[in-house]
Amino acid sequence: MAEQSNKTQEPAVSVDDEISLRELLLKIGEWWGYLLSKWLIISVACIIGGILGLSYSFWKKPVYIASFSFVLEDQKAGGGIGQMSNLASMIGISFGGMDGEGLFTSDNIMEFIKSRRMIRKTLLTKVSLDGKEQLLVDRYVELNNIKESWKDNKNLTNFKFIA
């Protein structure tokens, strides 16, 4: 029993786990030399990856994302709570009865989006795409190949949108 009391525990980190700055720089030098010895493989992999990425970017059709955002102010909302309720409504949080039946309800916004005037102003807007000027509705018809389904109808063969 006397033999066990004089033993000390070794520290968790041993001397072998430590590294000096010089050893670190030597290790970095070894790795740099190894990478330089494989320069041909690394260069070929980079060139092949670049060619594949470039060809993918030419073959992939662009994806257009549109967002719609506007704010209508309700004149009857007075004070801080009404304004906070309107701000919360913008991000989809409802405080129950505090919203009221103002202009800032989803039903009213959907009616604005569906209105003929808003659709006309949007789709009949001229834009410059691929170096040529055309209407957005013509671009939509072109991208979705809708004119192919119009070939069966004699009235739509020469149909053209006018701004």
Side-chain angles (χ1 to χ4, degrees), residues 10-74 83-95 99 103-163:
E10 292 184 23
V13 177
S14 68
V15 178
D16 296 336
D17 290 342
E18 296 178 3
I19 187 169
S20 69
L21 181 60
R22 178 183 150 110
E23 291 172 348
L24 178 66
L25 292 176
L26 287 174
K27 282 287 187 192
I28 290 173
E30 287 176 25
W31 277 100
W32 182 252
Y34 176 75
L35 289 176
L36 285 178
S37 71
K38 303 294 182 187
W39 70 271
L40 185 61
I41 295 172
I42 294 171
S43 299
V44 169
C46 288
I47 290 171
I48 290 173
I51 290 171
L52 288 175
L54 188 63
S55 60
Y56 177 76
S57 71
F58 283 125
W59 285 321
K60 174 99 170 96
K61 278 189 171 182
V63 176
Y64 300 101
I65 299 173
S67 63
F68 180 73
S69 174
F70 66 92
V71 176
L72 298 175
E73 186 175 330
D74 190 4
Q83 292 172 355
M84 291 299 157
S85 174
N86 285 340
L87 282 173
S89 295
M90 284 175 49
I91 59 172
I93 299 171
S94 176
F95 289 120
D99 291 326
L103 291 172
F104 202 66
T105 60
S106 62
D107 293 337
N108 288 341
I109 291 175
M110 287 307 294
E111 289 303 317
F112 281 123
I113 292 172
K114 292 180 195 175
S115 74
R116 178 180 293 271
R117 184 170 184 221
M118 188 171 282
I119 292 172
R120 185 178 296 145
K121 286 203 172 260
T122 303
L123 292 177
L124 297 178
T125 301
K126 286 187 178 183
V127 292
S128 178
L129 298 168
D130 297 332
K132 62 181 180 178
E133 194 168 291
Q134 68 184 107
L135 299 176
L136 281 177
V137 69
D138 287 330
R139 181 65 172 193
Y140 177 79
V141 168
E142 179 183 315
L143 287 175
N144 292 309
N145 298 324
I146 296 175
K147 283 193 177 184
E148 291 177 12
S149 64
W150 291 353
K151 288 180 182 178
D152 299 335
N153 192 336
K154 294 177 185 176
N155 296 330
L156 296 177
T157 54
N158 294 324
F159 184 78
K160 198 166 188 168
F161 292 100
I162 300 171

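No experiment lies behind these values; they were computed from the predicted model shown.
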Practice problem: Please round to the nearest 0.5 Å and tell me the distance separating atom CD1 of Ile48 and atom OG of Ser43. | Solution: 11.0 Å

Donor-acceptor pairs are to be reported for all side-chain atoms of residues 25-39 against protein atoms at under 3.5 Å, with residues two or more places apart or in another chain.
unit_1 : atom_1 : unit_2 : atom_2 : d
Ser37  : OG     : Tyr34  : O      : 2.5

Quiz prompt | Distance, nearest 0.5 Å, that separates CG of Asp138 from NZ of Lys126 | solution = 10.0 Å

Quiz item: Which salt bridge (Lys or Arg N to Asp or Glu O under 4.0 Å) pairs, counting each pair once, include a residue from residues 141-153, with sequence neighbours left out?
Solution: Arg139-Glu142

Quiz prompt | Leu124 versus Leu135, closest heavy-atom pair with distance | solution = O-CD2, 3.5 Å

